[in-house]
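To start, the structure itself, in structure tokens.
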Amino acid sequence: MLVLIILVNTSIYFLFYKITIDNELEQLTAQTNIIVEKLAENPDSATSELLFAFLPPEGMIRVIQENGNNLKEQARKGEYTQLPGEYSTTESQEIVAGKNGEDVVVITKPIIWNSGEQAGEVVTLQVSDHLIGNQETMQNLLYVLVVASLIMLIPTYIAGTFLSRFLVRPIKDLIQTMKENIRNREWKKINVENRSQDELYEMERTFNEMIDFLRDNFEKQEIFVSDASHELKTPISIVKSYAQLLERRGKENPELLKESIEAIDSEADRMKKLVEQMLALAKNKQTGALKQVDLVSLIEETTATFQGAYSREINLEKGMDMLVVNGNKDQLEQIIYILIDNALKYSKDKVKVSISEENSNAVFQVTDYGNGIPEEERSRIFERFYRIDKARSRDTGGTGLGLAIAKTIAKEHHGDLSVTSEIGEGSTFILRLPIGEA
Ligand code: ADP
């Protein structure tokens, strides 16, 4: 603002100065021409009086001969005649500096003298005017511009300071909160009450959302680590207690030896599965390059594998021969595997598997006729390590990670995994995936 004001006011000052000077030059040139005309018209009139009549208010008129002598010289004040004058046959208009710093407009013009002895001689007519009034005007203008600049700068400065404080304060608060969070390992948020709804408010709100998101994630990770270590501790302590039992009484007791070996083997399997599933859960976050996968053939293959391994009835209903989705084949196979495996684990009757198309979605459903899932448990079964009946789930080799893995894979494929269930009737798990280009 300061630079702008200085620039504008300096321009005003010099523009005004130039216009005034040009104006003065023009006026004095015009007046000089009139003097020349009058001298030509009245060669016999009393020349000194004629020149006096046209004398500029703060100036001088001089007629210089070729030999440098002043033929005529008229001035309102003696000091005005101190201006140097030379004989010249060219016309000129110039501004020179006066004694007191004022500008002096000087017009020089060669003319033919008509009167007296020197009639017919070429002489130089020099007319000058000291712009004393102009000097005062310029000084007044300077004062006005300086005062106006100050008047403009004061509110600008106040407004600028206020605005910068208004803008900088929230940013400072944000930095302070971030520093505190880092130093004290906290999840502190910014107070956004009574704030105007501007971009800074948006930034603070986003910061608060980010803090919520990070805290949620962090807490989930902590729960995951504690759950995982707890889950791993159980088989390890079982293995350890069997090993101690064998140490004490196993060598002479073949029955106990057999039981211990079986238990250790099954717990080792369980631990292996748990570790594999935890790795799968971590890996599922980064889906590799998406490929076109025919869901129908994938379901047929997986169903056939289960039918071969278990002597259970698995019915497959398919609405088409081919249905392509974009995804990772191994991960999609894993979902199908988890859902059919659960249906077989948690029911004793037949299992129905179906694939159909609905609103440009592939819909894969696995229905069992088991005990069903209580309503309050339906959302929780997708959480990591959550099992409705821990003891029963343990018998069936469950880890509580299967559905969490399935849900993550579904999400990574822009799909959705849900469940409907009737107590005593059975449950249906529904996987929806957007259909890809064939
Ligand atoms: P798990 O390894 O224990 O099977 P999941 O994440 O696959 O872990 O399942 C979580 C829990 O949801 C299971 O422990 C079980 O209690 C319940 N569940 C899963 N599928 C079914 C089903 N088809 N019928 C009844 N309950 C089920």
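When a ligand or atom number is given, it counts from 1 through the structure's own listing order. What you see below is based on every heavy atom in this structure, not just the backbone, and it leaves out hydrogens, waters and symmetry mates.
Residue contacts with ligand 1: F429 is included, with a non-hydrogen atom under 4.0 Å away. Using a 4.0 angstrom heavy-atom cutoff, G400 counts as in contact with ligand 1. The closest approach between K345 and ligand 1 falls below 4.0 Å for a heavy atom of the residue.
A distance of 7.5 Å separates CG of N371 from NZ of K348, quoted to the nearest 0.5 Å.
Although no hydrogens or angles enter the test, the distance criterion places a donor-acceptor pair under 3.5 Å between the side chain of Q307 and the main chain of I314.
Annotation: salt bridge (charged side-chain N to carboxylate O under 4.0 Å, His left out) contacts of E202 (sequence neighbours excluded): R205.
With a 4.0 Å cut-off on non-hydrogen atoms, L403 touches ligand 1 through its backbone as well as its side chain. At a heavy-atom cutoff of 4.0 Å, ligand 1 is contacted by the backbone of L401 but not by its side chain.
Per-residue contacts place I373 under 4.0 angstrom from the following atoms of ligand 1 (heavy atoms of the residue considered): 25 (C), 26 (N), 27 (C). Interface atoms of ligand 1 facing Y386, defined by a heavy-atom separation under 4.0 Å, are 10 (C), 11 (C). Of all atoms in ligand 1, listed by their number and element, those nearer than 4.0 Å to a heavy atom of D368 are 22 (C), 23 (N), 24 (N). Less than 4.0 angstrom separates some heavy atom of G402 from each of these atoms of ligand 1: 5 (P), 6 (O), 7 (O), 8 (O).
A salt bridge between K18 and D22 is present, with a side-chain N of the basic residue lying under 4.0 Å from a carboxylate O of the acidic one. Salt-bridge check for E333 with K329: failed, with every basic side-chain N at 4.0 Å or more from each acidic carboxylate O. Taking the charged nitrogens against the carboxylate oxygens, R215 and D212 do have a contact shorter than 4.0 Å, which makes a salt bridge.
For ligand 1, the polar-atom distance check against R387 finds no nitrogen or oxygen pair separated by under 3.5 Å. Residue I338 has no N or O atom closer than 3.5 Å to an N or O atom of ligand 1. Residue I388 places at least one N or O, backbone or side chain, under 3.5 Å from an N or O of ligand 1. Residue contacts with ligand 1: T399 is placed with a nitrogen or oxygen under 3.5 Å of a nitrogen or oxygen of the ligand (distance criterion only).
Pairs of residues two or more places apart, or lying in two chains, that qualify as salt bridge (charged side-chain N to carboxylate O under 4.0 Å, His left out) and include a residue from residues 365-380 are R380-E383.
Ring geometry for F166 versus F162: interplanar angle under 30°, hence parallel rather than tilted (30 to 60°).
In this model, no donor atom of one side chain and acceptor atom of the other lie less than 3.5 Å apart for Q27 and Q31.
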